[in-house]
Amino acid sequence: SISSTSSSSYQRKVLLTTPSVSAGDYRIGWSFEGTHTNDLTEFEFRVRLDDSTTLNGDCRLTADDASLRGEYIAACGFKQVTLTAGVHEFDIDYRELGSDTSRIRRARLEFWRVS
């Protein structure tokens, strides 16, 4: 579904809660499509682990070509993380830094054990 916000505070789009896992290395992958009503330079997102560690840094989507403004742009990435044994949460958050509306859709998180 499409979610939208005009807030400058991060909003959670999607949450993945793991089952109880063994300590080890895991891969977390993410993807989504985002847009902004006027200019994508004000759409910011992050992927977090356990509401405390930002895995991708705060990132902004940009559309330098004026013909792309208002269009959905895909974003994706992955990171290897070392987890302690137990249950963990991963989420995609997004926010609006200007005075318009940011929208996000087709958000996905994937989680794999790698060692």
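As a basis for the values below, the full set of heavy atoms in this structure was taken, side chains included, without hydrogen atoms, waters or symmetry mates. Sequence positions, counted from 1, serve as the residue numbers for this chain. These numbers were taken from a predicted model, which means no experiment stands behind them.
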Counting C-beta onward and ignoring hydrogens, is there a side-chain heavy-atom pair between Y72 and R105 closer than 4.5 Å?
yes

Can you find a pair of side-chain heavy atoms, one from Y10 and one from T5, that are under 4.5 Å apart?
no

Where A107 and F32 come nearest, the two heavy atoms and their spacing:
CA-CB, 3.8 Å

Kindly work out whether a path of hydrophobic side-chain contacts (I/L/V/M/F/W/Y, heavy atoms less than 4.5 Å apart) joins L83 to L55.
yes

With a 4.5 Å heavy-atom cut-off, do I28 and L49 have their side chains touching?
no

Do you know which two heavy atoms are closest between S4 and R103, and how far apart they sit?
CB-CG, 3.6 Å

Looking at side-chain heavy atoms only, is the closest gap between H88 and V21 below 4.5 Å?
yes

Just by distance, do the side chain of R95 and the backbone of S8 share a donor-acceptor pair under 3.5 Å?
yes

Consider only side-chain N and O atoms of T101 and S6, and report whether a donor and an acceptor are under 3.5 Å apart.
yes

Closest non-hydrogen atom pair, K13 against S3
NZ-OG, 2.9 Å

Residues at least two apart in sequence or cross-chain that pass side-chain hydrogen bond (donor to acceptor under 3.5 Å, both in side chains) with D93, listed by chain then number, are R46

So V81 and T53, do their side chains get closer than 4.5 Å, heavy atoms only?
no

Would you sort out whether N56 and K79 count as a side-chain contact (heavy atoms from CB on, under 4.5 Å), showing the intermediate values?
CA-CA 8 Å; N56 67 317; K79 185 164 186 161; over 6 Å; no

Non-hydrogen atoms of E44 and L97 that approach each other most closely
OE1-CD1, 3.4 Å

Listed by chain and number, what are the side-chain contact (heavy atoms from CB on, under 4.5 Å) partners of S20, not counting sequence neighbours?
V87

Quick check: closest heavy atoms across S102 and E96, and the distance to 0.1 Å?
OG-OE1, 2.7 Å

Measure the CD1-CD1 distance between I2 and I104 for me, rounded to the nearest 0.5 Å.
11.0 Å

Working to the nearest 0.5 angstrom, can you tell me the gap between R12 CZ and I92 CD1?
11.0 Å

Side chain to side chain, W30 and V14, heavy atoms closer than 4.5 Å:
no

Validation: residues 108-115 side-chain donor-acceptor distances under 3.5 Å, sequence neighbours left out:
from, atom 1, to, atom 2, distance (Å)
E110, OE2, R27, NH1, 2.4
R113, NE, S115, O, 2.7
R113, NH1, Y26, OH, 3.0
R113, NH2, S115, O, 2.9
S115, OG, D25, OD2, 3.3

